[in-house]
Amino acid sequence: MNIIHEYYDVIDSTNNEIKRRGAEGDVPEGLVISAGTQTAGRGRSGHEWESPVNVSVATSMALHPTVAMAHVPRLTLIAAMAVASAIEQTCDLKTEIKWPNDIIVNKKKVCGILTEMSASHNKIGYVVVGIGVNIHQQQNQYPPEIAAKAISLDQALAQAKEDPTLWIHPDRMHKTRAGRKEVTYAIWDNFARYYEQFQKTEDLSGILEEYNCRLVNRNRPVRIMDPKGAYEAVALEMDKTGALIVDVAGEQKSIDSGEVSVRGLLGYV
Ligand code: BTN
């Protein structure tokens, strides 16, 4: 994939910019739009996503996947793995993944991913994968509704100085400040590698091992928030379709991310 980076100081939403390019004509696969701040950043389920000036990563990539339309949501899991690897490569911090796509550092969420697709007549037009990563935020810079469960890479780097178990290599010299550009480039380089494999297999086999090693609550009790009624299970692993395999009273069950959410029994993770 040929990655082309474009940067705006201010934009409404990097996902929106890719959509505008898509609507104008042929937006090339690998076009990345990043911004210093977004005035109308969007999160999942219609929520707003705040990107204060030059404090976080707000970045989106245009794609023309050749896979079946039903498999496009798997790109969000690939993006999650790309972010987890980028944080490890650039900051030496341990990451975990809360299924399906929350990246966790020291038990808090550091990143959000919004994948959107334009399609007509059952044919994919383009896909945009948008990623927001908290980089330099301090605790008073989060919106109140997410403050208790959010963390930035700078906060995590400071915490790791006191708690060396947060480092991947505790014996190394470590940085104190993360770099927005460095993290952005690492994310998309990783993504391009995983994406190439995904286009061949259409499944998540290329990231499965790395993903499951980081799965938070693996082999631990979780609460499955099924709209038909919540129940307890033990989280086992993600399979190559992106479903979470859980054990419910000795029987294995596969759960789909569209249907339910999963909570650890102790707080957010
Ligand atoms: C979430 O709700 O967790 C997903 C948040 C996704 C935010 C990113 S920031 C870059 C891109 N542009 C947007 O407007 N949203 C995504």
Side-chain angles (χ1 to χ4, degrees), residues 3-23 27 30-63 72-84 86-87 95-105 107-118 126-137 141-153 178 180-181 183-188 190-191 216 225 242 257-258 261-263 268-269:
I3 302 178
I4 313 150
H5 287 273
E6 282 188 29
Y7 183 82
Y8 290 77
D9 288 330
V10 183
I11 204 162
D12 55 345
S13 147
T14 54
N15 270 33
N16 289 0
E17 181 60 21
I18 299 272
K19 287 174 154 194
R20 282 190 287 271
R21 306 284 183 98
V27 58
L31 175 68
V32 171
I33 303 284
S34 304
T37 184
Q38 302 184 115
T39 53
R42 294 184 290 107
R44 280 175 291 170
S45 317
H47 291 124
E48 284 175 20
W49 180 266
E50 283 195 15
S51 314
V53 180
N54 297 348
V55 160
S56 61
V57 161
T59 186
S60 304
M61 183 186 267
L63 298 166
V72 167
R74 294 176 186 174
L75 288 168
T76 307
L77 294 151
I78 287 179
M81 195 58 239
V83 175
I87 291 172
T95 59
E96 295 179 290
I97 305 178
K98 180 174 179 284
W99 181 85
N101 58 259
D102 281 352
I103 307 300
I104 306 297
V105 179
K107 304 195 168 46
K108 292 188 175 178
K109 175 171 161 166
V110 72
C111 155
I113 304 171
L114 179 66
T115 301
E116 300 180 284
M117 175 169 69
S118 149
Y126 60 87
V127 171
V128 44
V129 175
I131 298 176
V133 188
N134 301 332
I135 305 281
H136 301 308
Q137 280 98 330
Q141 285 179 288
Y142 301 112
E145 61 282 9
I146 66 158
K149 60 176 187 181
I151 192 168
S152 69
L153 293 181
R180 291 165 53 227
K181 189 168 176 182
V183 171
T184 306
Y185 277 61
I187 288 171
W188 294 123
N190 293 331
F191 183 88
V216 81
M225 310 304 284
S257 63
S261 68
V262 174
R263 297 223 182 113
Y268 165 59
V269 292

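Numbering of residues begins at 1 and proceeds along the displayed sequence. Each ligand, and each atom within it, is numbered from 1 in the order the structure gives.
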Check: Arg44 N/O within less than 3.5 Å of ligand 1 N/O: yes
Between Val83 and Ile103, what is the shortest heavy-atom contact and its length? CG1-CG1, 4.1 Å
Atom 16 (C) of ligand 1: the protein heavy-atom neighbour that sits closest, reported with distance to 0.1 Å: Arg42 O, 3.8 Å
Counting only heavy atoms not in Glu6, do more than 12 sit closer than 6.0 Å to its CD atom? yes
Passing candidate, side-chain contact (heavy atoms from CB on, under 4.5 Å) with Phe191, options Ile78, Ile131, Val32: Ile78
Going by side-chain contact (heavy atoms from CB on, under 4.5 Å), Thr95 matches just one of Ile104, Val110, Val216, Ile87. Which one? Ile87
Regarding ligand 1, does Trp49 bring an N or O atom to under 3.5 Å of one of the ligand's N or O atoms? no
Nearest protein heavy atom to atom 3 (O) of ligand 1, by residue and atom, and its distance? Lys109 NZ, 3.2 Å
Numbering as shown, the atoms of ligand 1 that approach Ser13 to under 4.0 Å (heavy-atom distance): 12 (N), 13 (C), 14 (O)
In terms of residue, atom name and distance, what is the protein heavy atom nearest to atom 12 (N) of ligand 1? Gln38 OE1, 2.9 Å
Given side chain to side chain contact (heavy atoms under 4.5 Å, CB included), test Ser60 with Glu17 step by step and report yes or no. CA-CA 9 Å; Ser60 304; Glu17 181 60 21; over 6 Å; no
Within the 4.0 Å heavy-atom shell around Thr59, which atoms of ligand 1 are there? 10 (C)
List the closest protein heavy-atom neighbour of atom 10 (C) of ligand 1: residue, atom name, distance to the nearest 0.1 Å. Thr14 OG1, 3.2 Å
Numbered atoms of ligand 1 (with element) below 4.0 Å of Gly41, judged on heavy atoms: 14 (O)
Numbered atoms of ligand 1 (with element) below 4.0 Å of Ser60, judged on heavy atoms: 11 (C)
Identify, by atom number and element, the atoms of ligand 1 in contact range of Gly132, meaning under 4.0 Å from any of its heavy atoms. 8 (C), 9 (S)
Among Thr14, Asn16, Asn15, which residue satisfies the side chain to side chain donor-acceptor pair (under 3.5 Å) criterion with Arg42? Asn16
What's the shortest distance from atom 4 (C) of ligand 1 to any protein heavy atom, and which residue and atom give it? Ile113 N, 3.4 Å
Pairing of Asp102 and Lys107 as salt bridge, 4.0 angstrom limit: no
Do Trp49 and Arg44 have side-chain heavy atoms sitting under 4.5 Å apart? no
